[in-house]
*Asks:* 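To start, I am sharing the structure in question, which I have written as structure tokens.
Atom set for the values below is all heavy atoms of this structure, side chains included, hydrogens, waters and symmetry mates excluded.
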Amino acid sequence: MSHQQSPDNVSIDEIPVDINNTQSAEVDSADVPDEIESITRGLAGEQPPTNPIVVLKAARWWYIHGKGGTDPAFQWAIEWARHLATDTPSDVERFDEFLEYLVSVGFADERHELR
């Protein structure tokens with residue numbers, strides 16, 4: 001690794017993992033790294049990312065910093081990666097939950113602003 005890590009802030013790539021803020025279930029949009037925000041907003045957009053590795057990078061961040069396996073952003077990213085890998089339809093209800101969650105996190109004031 002090319003950068004210094006402290007005991008409370010580690011990473012396996014350029015995206016830092018804040019150990020003190022893991023699975024707190026309280027995510028503020030200001031705390032989301034730019035790259036993760038970009039990927040997450042892309043997952044809500046008309047042309048979502050098509051690289052499963054990129055999608056899983058966001059899933060990992062949301063799992064660690066959000067609500068773990070129940071985090072809607074994590075769940076949608078995993079669902080989208082599954083869709084990419086298997087070419088099967090994705091779960092529309094899970095997508096709706098994801099959009100509502102992004103509004104609650106502060107990425108938009110209303111769901112329609114995300115698309």
*Asks:* Measure the CG-NZ distance between Asn51 and Lys57 for me, rounded to the nearest 0.5 Å.
*Replies:* 10.0 Å
*Asks:* Could you report the tightest heavy-atom contact between Ser29 and Gly106, atom names first, then the distance?
*Replies:* OG-O, 3.7 Å
*Asks:* Restricting to non-hydrogen atoms, name the atom on Gly66 and the atom on Val27 that form the minimum distance, rounded to 0.1 Å.
*Replies:* CA-CG2, 3.8 Å
*Asks:* Within a radius of less than 6.0 Å around CG of Asp87, do more than 12 heavy atoms belonging to other residues, nucleotides or ligands occur?
*Replies:* no
*Asks:* Looking at side-chain heavy atoms only, is the closest gap between Phe95 and Leu43 below 4.5 Å?
*Replies:* no
*Asks:* Determine the minimum heavy-atom distance between Pro72 and Phe98, stating which atoms define it.
*Replies:* O-CD1, 3.9 Å
*Asks:* Please give me the minimum heavy-atom distance between Leu56 and Ala81, naming the atom from each residue.
*Replies:* CD2-CB, 3.9 Å
*Asks:* Looking at Arg82 and Thr88, would you say the former's side chain and the latter's main chain have a donor-acceptor pair under 3.5 Å?
*Replies:* no
*Asks:* Test your reading of the model: is there a side-chain donor-acceptor pair from Ser38 to the backbone of Glu35, 3.5 Å cut-off?
*Replies:* no
*Asks:* Would you check if Asp71 and Tyr63 make a side-chain contact, meaning some heavy-atom pair closer than 4.5 Å?
*Replies:* no
*Asks:* Work out which heavy atom in Leu99 is nearest to a heavy atom in Ala44; give both atom names and the distance.
*Replies:* CD2-CB, 3.6 Å
*Asks:* Angle between ring planes, Trp61 versus His65, binned at 30° and 60°: parallel, tilted or perpendicular?
*Replies:* parallel
*Asks:* Run the side chain to side chain contact (heavy atoms under 4.5 Å, CB included) test against Ser90 and tell me which residues pass, sequence neighbours left out.
*Replies:* Trp76, Glu79, Trp80, His83
*Asks:* Can you name the residues that form a salt bridge (Lys or Arg N to Asp or Glu O under 4.0 Å) with Asp91, not counting sequence neighbours?
*Replies:* none
